[in-house]
Amino acid sequence: MYKRKEVKKISNTLDKEIVNLINEQIWLENNASFYYLYLSTQFNMNGYSGISKFFLEQSNEERVHMLKLIEYLLDEDITPQIPNYNYLEDLDEKFNLLNHFENSLMNEKRVTNSIIEIVSKCKEKRDIKTENFMQWFVIEQREEENKFKSIIDDIKIIGNSGSGLFELNKQLSSLPEEE
Ligand code: FEO
């Protein structure tokens, strides 16, 4: 009689280390969301309503990123760790247009590194599904970093020019919204 070849069982649950890294990523995205919300209020208070709107949209985007990760874990029947604090305890930034954008770029680089760490772990654990899912974030981070770099370049050219700052504020109020 034909004997069915035994199929090697493959675990369907996510590797613990990968889950931990995704939970850390959830924390980082939430942190970024609150950081940009903070900057949005700072720019508003200093008369830059356009840049304030730009950072509010950034903040909303980061929240969407966090939700994507939460949804991924839920789809895998894993309880995500919801960050239980949001405040940026060590934050001590005096209002400075260029510094805020440079710090935002640094923040994005930190997020990128963390995403690369997840992708590397996925490769090590041969978790193609999560690796595939994370590719969206890899592309997104490239766009985010380039966006901040290009604004920083503009700010350096503008310097203290009032009309330049007026234009920048206007431009950033109407950047196309992303996912
Ligand atoms: Fe979701 Fe800009 O990192």
Item checked: salt bridge (Lys or Arg N to Asp or Glu O under 4.0 Å) involving Glu167 - partner list, sequence neighbours excluded -> Lys170

Notebook entry, point to check: Got a sec, which residues hit salt bridge (Lys or Arg N to Asp or Glu O under 4.0 Å) with Glu131, two or more places apart in sequence or on another chain?
Noted result: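 Applying salt bridge (Lys or Arg N to Asp or Glu O under 4.0 Å) to Glu131 gives Lys123.
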
Notebook entry, point to check: Yes or no on side chain to side chain contact (heavy atoms under 4.5 Å, CB included) for Glu61 and Glu140, after CA distance, side-chain angles and deciding distance?
Noted result: CA-CA 11 Å; Glu61 271 182 38; Glu140 171 71 11; 3.5 Å; yes

Notebook entry, point to check: With sequence neighbours left out, which residue pairs that include part of residues 149-162 fulfil the side chain to side chain donor-acceptor pair (under 3.5 Å) condition?
Noted result: Ser161-Ser163

Sequence neighbours excluded, which residues qualify as side-chain contact (heavy atoms from CB on, under 4.5 Å) partners of [X]?
X      : value
Arg110 : Leu28, Asn31, Asn107
Ser59  : Ser33, Tyr36, Leu37
Asp127 : Leu14, Ile18, Cys122, Lys129, Thr130

In terms of hydrophobic clusters joined by side-chain contacts under 4.5 Å, are [X] and [Y] together?
X      : Y      : answer
Phe166 : Leu168 : no
Val138 : Ile116 : no
Met106 : Ile115 : no
Leu67  : Phe137 : yes

Output the distance between atom [atom1] ([X]) and atom [atom2] ([Y]), rounded to the nearest 0.5 Å.
X      : Y      : atom1 : atom2 : result
Leu98  : Asn103 : CG    : CG    : 9.0 Å
Ile26  : Lys68  : CD1   : NZ    : 13.5 Å
Ile151 : Glu102 : CD1   : CD    : 12.5 Å
Ile82  : Asn30  : CD1   : CG    : 9.0 Å

Who pairs with [X] by side chain to side chain donor-acceptor pair (under 3.5 Å), at least two apart in sequence or on another chain?
X      : answer
Asn99  : none
Gln81  : none
Thr112 : Gln141, Glu145

Check: Which residues satisfy the ring-ring contact (aromatic ring centres under 6.0 Å, His included) test with Tyr72, sequence neighbours excluded?
Finding: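 Scan of Tyr72 (ring-ring contact (aromatic ring centres under 6.0 Å, His included), adjacent residues dropped) gives Phe133.
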
Note to self: Can you list everything that forms a ring-ring contact (aromatic ring centres under 6.0 Å, His included) with Phe95? Sequence neighbours excluded, please.
What the structure shows: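 Phe95 satisfies ring-ring contact (aromatic ring centres under 6.0 Å, His included) with Phe43, His100 once adjacent residues are dropped.
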
Nearest heavy atoms of [X] and [Y], plus distance in Å:
X      : Y      : answer
Ser104 : Leu39  : OG-CD1, 3.5 Å
Pro80  : Leu74  : CD-CD2, 3.5 Å
Phe101 : Ile152 : O-CD1, 3.6 Å

Notebook entry, point to check: Less than 4.0 Å between a side-chain N and a carboxylate O, is that true for Glu124 and Lys121?
Noted result: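 Yes.
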
Check: Do NZ/NE/NH1/NH2 and the carboxylate oxygens of Lys147 and Glu143 come within less than 4.0 Å?
Finding: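 Salt bridge flag = no for Glu143 with Lys147.
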
Under 3.5 Å, which donor-acceptor pairs link side chains of residues 44-52 to any protein atom two or more places apart or in another chain?
residue, atom, partner, partner atom, Å
Asn46, ND2, Gln42, O, 2.8
Ser52, OG, Ser40, O, 2.8
Ser52, OG, Ser40, OG, 3.2

Next item on the list: Decide yes or no on side chain to side chain donor-acceptor pair (under 3.5 Å) for Gln25 and Glu117, but give the supporting numbers first.
Entry: CA-CA 10 Å; Gln25 193 64 36; Glu117 209 183 313; over 6 Å; no

Note to self: side chain to side chain contact (heavy atoms under 4.5 Å, CB included), that's the test. Do Glu93 and Tyr35 meet it? Break it down for me.
What the structure shows: CA-CA 11 Å; Glu93 283 188 18; Tyr35 179 54; 2.6 Å; yes

Checklist line | Pair Trp136-His65, side chain to side chain contact (heavy atoms under 4.5 Å, CB included): steps then yes or no | finding: CA-CA 10 Å; Trp136 181 90; His65 299 172; 3.6 Å; yes

Margin query: Contact between Val19 and Asn23 at the side-chain level, heavy atoms closer than 4.5 Å - yes or no?
Written below: yes

